[in-house]
*Asks:* 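Have a look at the structure that comes next, please.
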Amino acid sequence: MLGTLMKYDWRNLSADRAPLTVALVLGTAIAYGAFNGSEWIRFQNRAISEALAEERERFDRIRSEIPRIEAGEMTVSAFADPRQPQSFGRSVGTRYAVMPPAPLGALAIGQSDLYPYYFRVSTSSKATFLNNDEVENPVHLLSGRFDLAFVLLYLYPLVILAFSYNLVSSEKESGTLALTLSQPVSLRRVVMAKVLLRAAFVAALAVLLSAAGVIIGGANLAAEGAWPRLLVWAAVTAAYGAFWFALAIAVNAMGRGSATNAMILAGGWLLFVIVIPSVLNVAIQAAYPVPSRVELIQAIRVAGDESTRQGSKLMARYLEDHPELAPPSNGPGGPPDFGTLQVAVNEATERSVQPVLAQFDAQLANQQKMVDRFRYLSPAIVAQSAFNDLAGSSAHRYKHFLAGVDEYHRQWRGFFVPRILKKEKLGAGDLDRLPVFTFREEPTADVTARAGVAFAGLLIPVLLAGIPAVMALRRYPVAG
Amino acid sequence: MTLRIAKKEMTEMVRDGRFRAASAIVFTLLAGALLLGWQHFREVSAQHASAQRATREQWLGQGKKNPHSAAHYGVYAFKPKVPLTMLDRGTDPFTGVAVWLEAHKQNEFKYRPAQDATAVQRFGELTGATVLQLLVPLLIVLLSFTAFSGERELGTLRQLLSLGVRQLDLARGKALGVAVALGLLLVPAALIGVVAITAGSGQTDMVAAIPRMAWMTLGYLLYFGTFLGVSLAVSAWASSSRSALIILLGFWMFNALIAPRAASDIAKALRPAPSAFQFARGIEKALQGDGHDSASSRAKRLEQELMKKYNVDKVEALPINFTGARLQDGEDHGNEVFDQAYSRLWTVFDAQDGVRRLVSVTAPSIAVRSASMAFAGADFPQHAHFARAAEAYRRTIQRVMNDDLMRNASNTGVYVAGDELWKKVQPFEYTAPDASWVLSRQVPSLVVLALWCTAAGLAALWTTRRVRVY
């Protein structure tokens with residue numbers, strides 16, 4: 001019975017050109033979105049490979065320079081001398097900490113155009129190298145990107161609504177509903193058949209085309225965790241679509257005309273996709289305003305001034321705290337030089353700035369928690385957070401990267417500070433002993449768990465809209 | 001006749017529950033956005049002002065140190081907020097708030113506010129401008145899509161025209177009715193906006209803000225006129241109310257969602273900007289120079305020049321300090337490099353703006369967004385204007401420090417300077433460009449809006465004359 005209903009409904013649908021043009025538009029938009037996403041991935045990979053090539057070139061040059069300096073064949077100023085650990089660690093031999101794009105990064109550009117994806121790590125404080133923003137005309141950041149996530153969040157619901165706003169009302173208005181229901185079939189079964197057909201068509205279009213687009217664009221499906229992410233992503237897309245279908249059924253079940261349905265559903269789209277997110281954004285910023293970065297700048301300056309003023313007193317205290325780093329008692333004495341003073345000053349500055357930075361991170365975390373709690377008010381927000389997570393363009397992954405950079409910065413300093421304090425020079429062999437940064441992706445289980453929660457969060461509105469809808473269909477005024 | 005029709009339309013609309021509900025929602029959002037904008041502006045403006053004062057105090061309170069150390073310490077420049085950004089934050093969330101003015105380097109602006117927000121922010125901020133650009137056109141569409149098609153379906157269009165009412169009067173009356181109904185909503189909101197802007201700005205700011213507000217209002221009125229004309233035209237032309245609504249919603253969606261992103265993509269494809277790595281690397285390489293023009297060869301050249309100029313044969317015998325001269329020479333070379341690199345980059349951004357302007361011929365929303373941002377003082381060219389002023393101030397600091405070194409430092413021994421030198425550097429004063437500067441760059445956008453408005457009006461008149469009566 002369901003199959004027969006679906007077959008004839010498909011004939012009706014395909015005879016009308018409008019739905020098919022709409023489907024074509026969606027297909028084109030998906031293809032373009034996937035292309036855009038892949039382009040962004042290619043751009044990031046290019047920038048990363050250029051940076052790593054520059055590092056290799058620089059290290060090769062240093063490797064050839066060190067023996068020549070040691071032999072006295074070339075002279076170089078103290079600031080540029082690769083044998084001095086303070087110069088090497090601070091500027092000459094700095095290395096890149098790189099976060100390559102996630103395997104399915106083409107799915108959603110998300111926040112990845114706003115956050116840096118590589119840093120040039122040095123022994124100086126993190127504040128000096130963490131602001132490595134990508135060059136981009138701010139108007140482009142304001143408009144947002146035409147990526148796959150945009151198409152799925154904004155246009156895909158419109159296509160669903162365009163297909164199903166007059167699911168029942170068109171048949172009622174043309175009079176065929178009464179005839180159909182005079183046969184031994186319930187309205188619920190008719191509606192189910194229609195929805196299944198449309199859902200299969202649209203969801204298949206969305207999921208298959210997007211997957212194809214992303215794969216053609218060069219996504220690495222062999223990478224660890226790519227398949228689970230792709231599957232969860234398909235599930236989230238299907239659930240998001242299910243919500244809009246449920247909403248369309250609910251509005252149809254109210255028994256109004258097609259034009260009224262269209263207006264109500266357009267209002268619903270506007271509410272869930274545009275109004276609720278901006279109002280939530282405002283509420284978050286009102287509830288957990290982030291402390292001013294301007295005040296952070298001031299705090300860092302004041303702390304730096306204070307530490308520099310203290311100067312050698314800090315040096316003495318530092319050596320008291322770290323006796324293992326004190327220079328040998330029979331080594332060169334005298335007042336501490338610039339390099340050693342820098343070590344102590346940096347450490348003192350960072351210690352006094354730490355509470356301010358911690359306050360920042362705490363407020364940002366609070367904001368994120370509030371988003372996580374209230375995002376269920378709009379399926380669009382839930383779907384966006386799931387897409388960003390699965391594509392690796394969310395704040396979660398960026399924070400994970402920052403934690404890795406923090407650890408690497410500690411290792412980097414841990415390599416150079418003892419040598420600075422002991423006034424040991426670097427040799428060519430030390431180049432191979434330098435700490436190297438390797439980015440480890442978040443465990444796939446974590447990412448899919450978060451997206452799974454979003455998936456469950458999407459099912460609730462589906463049920464909330466769908467169940468009353470299906471019940472109201474029982475009392476649908478079929479004629480008159 | 002027109003006025004009578006307009007009065008009837010307005011009465012009908014005001015009594016309609018749907019209009020009242022929709023307007024109430026739009027008005028609440030608009031008023032809320034304005035108040036939030038006012039509060040945000042007040043806070044941030046105060047922070048930036050106090051930070052600017054604090055950085056000046058830090059500069060003056062450096063104590064005794066070598067002028068070059070002071071140059072390395074530098075000052076921060078904080079971007080001042082313009083009152084009209086209460087209405088339209090434009091690209092402010094995506095440009096840094098502060099820049100460090102230090103020796104040898106032209107730094108990038110740090111700390112984009114958007115980086116401290118959650119992903120929900122990318123859906124769009126709730127500002128007065130987004131309500132005016134996205135929701136009010138939708139309201140116009142909802143109010144006027146049944147103007148002709150609804151009357152045709154009810155049968156009253158035939159009756160009206162049989163009475164001898166001219167189609168032109170009918171079109172004008174309906175347009176006026178919608179306009180006045182919308183005015184009931186927008187005029188109070190505009191008053192709230194003006195009060196907020198007045199309360200938030202000083203006297204000089206107000207004088208500068210009035211012409212900007214006037215041009216912004218013009219832009220928005222042309223934009224609303226466009227939507228009104230298009231809605232009436234489609235309503236008269238379409239075969240049913242339903243198709244009129246779908247066409248108009250499609251037009252709205254294209255303008256609100258698709259056109260801005262597509263325009264950005266086209267602009268980036270036609271005029272790509274370098275990556276951050278390429279940009280920084282280019283500057284690095286130009287600063288290092290090749291063997292012919294490296295820092296050491298430049299220093300040697302300067303030595304020869306100065307020794308010849310002062311007719312001495314030893315650097316130590318020069319009447320000026322050579323370190324100071326060398327540092328200033330290095331700064332001059334660096335400034336050339338930075339000027340070249342940044343002007344090349346900003347030219348690319350300008351070219352991208354030009355491409356977007358071309359695309360705006362197909363979508364008036366791009367033109368109104370560009371005009372609104374520019375007159376509010378929150379677009380990229382005005383950010384670049386501030387960046388250039390800050391950079392000029394940085395170069396002044398370097399020159400004063402290096403001049404002092406050249407004149408007062410001896411070629412032996414350590415030289416320290418104190419308060420008198422720090423005070424020689426004037427505090428950083430910045431005046432935002434005035435409305436005519438902005439207008440000269442936004443004329444294309446306003447022209448596009450005017451063309452769209454005229455074309456929409458003509459289309460409405462043309463379709464109304466040929467309206468199908470039943």
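Everything numeric here is computed off the predicted structure, so don't read it as measured data. Every chain is numbered from 1, with letters handed out A, B, ... down the list of sequences.
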*Asks:* State, yes or no, whether a side-chain contact exists between Y115(A) and R112(B) at a heavy-atom distance under 4.5 Å.
*Replies:*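 No, every pair of side-chain atoms sits at 4.5 Å or beyond.
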*Asks:* Would you say the side-chain atoms of N281(A) and Q121(B) include a donor-acceptor pair closer than 3.5 Å?
*Replies:*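 No, Q121(B) and N281(A) have no side-chain donor paired with an acceptor closer than 3.5 Å.
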*Asks:* Is chain A contacted by the side chain of Q58(B), its backbone, both, or neither, given a heavy-atom distance below 4.5 Å?
*Replies:*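 Contact with chain A involves the side chain of Q58(B) alone.
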*Asks:* Heavy-atom distance under 4.5 Å between the side chains of M263(A) and F145(B), does that happen here?
*Replies:*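 Yes; the side chains approach each other to less than 4.5 Å.
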*Asks:* Measuring only between side-chain heavy atoms, which start at C-beta, is E136(A) closer than 4.5 Å to K268(B)?
*Replies:*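 The answer is yes, as the side chains (C-beta and beyond) meet within the 4.5 Å cut-off.
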*Asks:* Q363(A) and D116(B): side-chain donor and acceptor closer than 3.5 Å?
*Replies:*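 No pair is found: no donor N or O on one side chain lies under 3.5 Å from an acceptor on the other.
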*Asks:* Looking only at the side chains, is there a donor atom on one of R145(A) and S264(B) sitting less than 3.5 Å from an acceptor on the other?
*Replies:*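 Note: R145(A) and S264(B) side chains miss the donor-acceptor criterion.
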*Asks:* Regarding E55(A) and R281(B), does a basic nitrogen lie under 4.0 Å from an acidic carboxylate oxygen?
*Replies:*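 Salt bridge absent between E55(A) and R281(B).
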*Asks:* Report which part of L29(B) has an atom under 4.5 Å of a heavy atom belonging to chain A: side chain, backbone, both, or neither.
*Replies:*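 When you check distances to chain A, only side chain atoms of L29(B) fall under 4.5 Å.
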*Asks:* Compare all side-chain heavy atoms of F150(A) with those of R122(B) and state whether any distance is below 4.5 angstrom.
*Replies:*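 No, every pair of side-chain atoms sits at 4.5 Å or beyond.
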*Asks:* Could you tell me which portion of E57(B) (side chain, backbone, both or neither) has an atom closer than 4.5 angstrom to a non-hydrogen atom of chain A?
*Replies:*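 Neither part.
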*Asks:* Against chain A, label F380(B) side chain, backbone, both or neither, depending on which of its atoms sit under 4.5 Å from a heavy atom there.
*Replies:*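 For F380(B), the side chain is the part near chain A, not the backbone.
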*Asks:* Should S143(A) and R369(B) count as side-chain neighbours, where that means a heavy-atom distance under 4.5 Å?
*Replies:*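 Of all side-chain heavy-atom pairs linking R369(B) with S143(A), at least one is under 4.5 Å.
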*Asks:* Using a cut-off of under 4.5 Å on heavy-atom pairs, state which of R120(A), M370(A), E54(A) scores highest against chain B.
*Replies:*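 The residue among R120(A), M370(A), E54(A) with the greatest pair count is E54(A).
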*Asks:* Under the criterion side chain to side chain contact (heavy atoms under 4.5 Å, CB included), which of I381(A), L364(A), V371(A), D372(A) is the partner of T118(B)?
*Replies:*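 Of the listed residues I381(A), L364(A), V371(A), D372(A), the side chain to side chain contact (heavy atoms under 4.5 Å, CB included) partner of T118(B) is V371(A).
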*Asks:* Taking every heavy-atom pair that is under 4.5 Å apart, which of L296(A), N388(A), V135(A) has the most such pairs with chain B?
*Replies:*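 Among L296(A), N388(A), V135(A), the one with the most close pairs to chain B is V135(A).
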*Asks:* Is the ring pair Y154(A)/F123(B) parallel, tilted or perpendicular, if the boundaries are 30 and 60 degrees?
*Replies:*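 Taking F123(B) first and then Y154(A), their aromatic rings sit tilted (interplane angle of 30° to 60°).
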